[in-house]
Protein chains: 4
Amino acid sequence: MPRAVRERQMMDAAVRTFGRRGYRAASMDEIAEVAGVSKPLVYLYLHSKEELFTACIRREAAALVAAVRAGVAGSDGEPDLPADGQLWAGLTAFFTHTAEHPDGWAVLHQQARTHGEPFAAEVAAMRDELVAFVTALIGVAARDARQDPAFSDRDLSALANALVGAAESLADWANHTPGVTAKEAAGTLMNFAWTGLGGLMAGHRWSRS
Amino acid sequence: MPRAVRERQMMDAAVRTFGRRGYRAASMDEIAEVAGVSKPLVYLYLHSKEELFTACIRREAAALVAAVRAGVAGSDGEPDLPADGQLWAGLTAFFTHTAEHPDGWAVLHQQARTHGEPFAAEVAAMRDELVAFVTALIGVAARDARQDPAFSDRDLSALANALVGAAESLADWANHTPGVTAKEAAGTLMNFAWTGLGGLMAGHRWSRS
Amino acid sequence: MPRAVRERQMMDAAVRTFGRRGYRAASMDEIAEVAGVSKPLVYLYLHSKEELFTACIRREAAALVAAVRAGVAGSDGEPDLPADGQLWAGLTAFFTHTAEHPDGWAVLHQQARTHGEPFAAEVAAMRDELVAFVTALIGVAARDARQDPAFSDRDLSALANALVGAAESLADWANHTPGVTAKEAAGTLMNFAWTGLGGLMAGHRWSRS
Amino acid sequence: MPRAVRERQMMDAAVRTFGRRGYRAASMDEIAEVAGVSKPLVYLYLHSKEELFTACIRREAAALVAAVRAGVAGSDGEPDLPADGQLWAGLTAFFTHTAEHPDGWAVLHQQARTHGEPFAAEVAAMRDELVAFVTALIGVAARDARQDPAFSDRDLSALANALVGAAESLADWANHTPGVTAKEAAGTLMNFAWTGLGGLMAGHRWSRS
DNA sequence: AATGAATGAGGCTTCATTCAT
DNA sequence: AATGAATGAAGCCTCATTCAT
């Protein structure tokens, strides 16, 4: 069997095992068995547990970002929607992808962030990409509304972080609640967020009493 | 030294070690050393690694919930504020507590959820408590507004989940970004969420194009 | 059983196993078994295969040097013999010790020198001590004879090296030939070497044709 | 590429790798890579690691013995020098060869002797050849001197062993000390040994005080 | 109330070797 | 004449846990 095929089998098995057991609890023995190969072959191709995990993180992160990008992009590969349309498309793609790849999502969201610097940094880079994308979208909306009081970069960053965090949380909720569709999750968040953002852009603020 | 004091030393050491290293990577050896006691004593008091970790989760979960409750409650122990005031107080208490107990927060938010059922269930119970609290708050607001289209329980639950997720994400963001205060984090989320909720209650919805 | 005793058992087992099998071929499993303890205990006390091997080298080197020193020294701890008497005493002690500790000698002479820098350096230090001792002895003899052509430091060093090499070779020969006593080996080398040195000191040289 | 050439490439790679890493630490993978061929080819031609190592020992032993023989022999292939001349020529050839083939010398002197019987026996056979040669030479000298007390075969054998050991030690010393030539090493040993032997033949003995 | 001494079990990694082509 | 693909076996090391005092 050609090397490329075997490598994909192993990575699939690794994502599944890491996602379900965690980095430390997953054993190379189990990964090899799930992949249907012997352990030495895993080492021959993927070198070490650490490299294997890193490769999993990279592959799943790239796949997730690609899915979101593809959702946002129009047919010509360039995003040609208004900001809210882009956000909607991105969220839908995000929830669809995380629902279709629960193990990959677990690797990124749960495992990679909890097992030390080499891995956390890897996934932080991907998350930053998503946060930057969201920051840009609400930045556009803010500039259009151009009102007082204006938003600082830090305000926008915090908002984007809250939004991405809400999306991550909803992805878990959707994965663990039967019958929730990607569109429903996207709708919930979109209603909430876009309305909230709209209010903020219109100058509304909450203040004590 | 009395048993209660020793036990607290050990739990402190365990929370710190579990929070920084993760459940599997933390060794009973290191915990005992950090606690300044011998390993058999840890076993005498806490019985096993699993029980020790569970005890840590329970203690930290209880502390977090208590902090939020205390923040929300008035001087007589009963919450006597309007819904938005309660949410503000709860968020402030939440961000204050997570900032002051980063290791405990790491145990709850990162470690407990990534190491299998016995632990995930433990922390899920606590999270459900927070979600239920938030659900109740926005349920009250929704009932006050009593408008069309009404919110289903599932809608409220999804919203509360998104809100709690956003709060968790902001807690991490605040812990890793220098100079962010609990009040700032609470303000960001409050502005965003209460405005958004207000809009939703007023019947606003986002829809494609 | 107290730690010190156990440690000695382990080191004895390690010297024996390393001496007979070689560094790589000796397994920690076998060492533990020979020592009559479990493997983890070996690691608890001696930390790693590398550290264990280094400890063996150091212990055996110190023992050999101490044996030679004790042989050379008079009853008051200071060497009070003439140069030839010291050499004789040192050689006798050397051959006696290597015959009584064949595994330790194998560790020093065969294994430590063939398994890379960390170990080779360790044993080279000890050998240099012996070479320096011999160099000093023949240096004294040369100065007494004070003749022409004089010996350079390098000449003396080369001679001492040859002498030590001859002694090492004879130690192996004595260990593998039944019925050879330490005194016989010392006598052979002493006759040969002291006569040769005497001739050299008297100005004799060999030259082609 | 013809088989004989390939085989030589592999043996060269093996000698180099075994000499530098040791028998156990050298991997067939590295040998194949250094040789520039695939591993199965190494097995096709050399059958196993053990056979490969044995073949290396034999080849290098034969080369060393041949070099010494060639050095000793006159132009007609028969040694026609007196005993001391033969010893000088043999030593010079020995030091020259070991300096020019350090990896081969390491295989013979360090690795083959430290990795168990099959290999140690192989190199012992070669060493015995050299010892026999030296024994014969000094035997001739002894017979010429025909004096009292006579030398037993064992005396001669012990002497030859000491001499060969001194030569081996000097070979290492020369290989590790910059600027030492084969002639210098041979001269040092020759001066020392021939003078010593001459003294012995003349009946000199060393005795305690 | 507390610990020094000890181990069964299991995980990561590497290696010599073979098969099918 | 030559190799890409593959594995059984074994070695180093660590860990949760217990016993005797």
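Only this structure's heavy atoms are used, side chains among them; waters, hydrogens and symmetry mates stay out. Since we're looking at a predicted model, the values are computed, not measured. In what follows, every chain begins at residue 1, and chains take the letters A, B, ... in the order their sequences are listed.
For the pair D:Tyr45 OH and E:dT18 P, the computed distance is 17 Å after rounding to whole Å. The distance between atom CD of B:Glu33 and atom P of E:dT3, rounded to the nearest whole Å, is 13 Å. The CG atom of C:Leu46 sits 12 Å away from the P atom of F:dC13 (whole-angstrom rounding). The distance from atom CZ of A:Phe53 to atom P of E:dT13 is 14 Å, rounded to the nearest whole Å. What separates CD of B:Glu51 from C1' of F:dA16 is a distance of 14 Å, to the nearest Å. For the pair C:Met1 CE and F:dT21 P, the computed distance is 13 Å after rounding to whole Å. Summarising the geometry, the separation between CG on A:Asp29 and C1' on E:dG10 is reported as 9 Å, rounded to the nearest angstrom. Between the CZ atom of C:Arg3 and the P atom of F:dT21 there is a distance of 21 Å, given to the nearest Å.
Nucleotides of DNA chain E nearest to B:Pro2 and A:Pro40 differ in position, and the one nearer the 5' end is that of B:Pro2. Comparing D:Gly36 and C:Met28 against DNA chain F, the residue whose closest nucleotide sits nearer the 5' end is D:Gly36. Between D:Leu41 and B:Lys39, the residue anchored nearer the 5' end of DNA chain F, judged by the nucleotide with its closest heavy atom, is D:Leu41.
Residue contacts shown for D:Ala25 are absent, as no nucleic acid heavy atom lies under 4.0 Å away. Among the heavy atoms of the strands lying under 4.0 Å from D:Ala26 are primed sugar atoms or P, OP1, OP2 only; no base atom is included.
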Distance-only check: which donor-acceptor pairs under 3.5 Å involve side-chain atoms of residues 110-119 of chain C, not counting sequence neighbours?
residue, atom, partner, partner atom, Å
C:Thr114, OG1, C:Gln110, O, 2.7
C:Thr114, OG1, C:Gln111, O, 3.0

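Nucleotide E:dT3 is matched to F:dA20 when pairs are restricted to Watson-Crick or G-U wobble geometry with both distances under 3.5 angstrom.
For D:Ser38, the listed nucleotide lying nearest its side chain is F:dA2; candidates were F:dT17, E:dA6, F:dA2. Counting only heavy atoms from C-beta on, D:Val37 has its side chain closest to F:dT3 among F:dT3, E:dT17, E:dA2. Out of F:dC12, F:dT3, E:dT18, the shortest distance to the side chain of C:Tyr43 is found at F:dC12. Of the candidate nucleotides F:dA2, E:dA6, F:dA6, F:dA2 has the atom lying nearest to any side-chain atom of D:Leu44. The nucleotide whose nearest atom lies closest to any side-chain atom of B:Lys49 is, among E:dA16, F:dA10, F:dT17, F:dT17.
Residue B:Arg6 has no polar side-chain atom (N or O) positioned under 4.0 Å from OP1 or OP2 of E:dA1.
A side-chain contact (heavy atoms from CB on, under 4.5 Å) with B:Cys56 holds for exactly one of B:Asp12, B:Val15, B:Thr17; it is B:Val15.
Within the 3.5 Å criterion, the main-chain N or O of A:Trp105 finds no donor-acceptor partner in the side chain of A:His109.
Within the cation-pi definition used here (under 6.0 Å to the ring centroid, within 45° of the axis), D:Arg24 does not qualify as a partner of C:Tyr23.
Scanning all heavy atoms of the two residues, the minimum distance from C:Arg3 to C:Leu44 falls at NH2-O, 4.3 Å.
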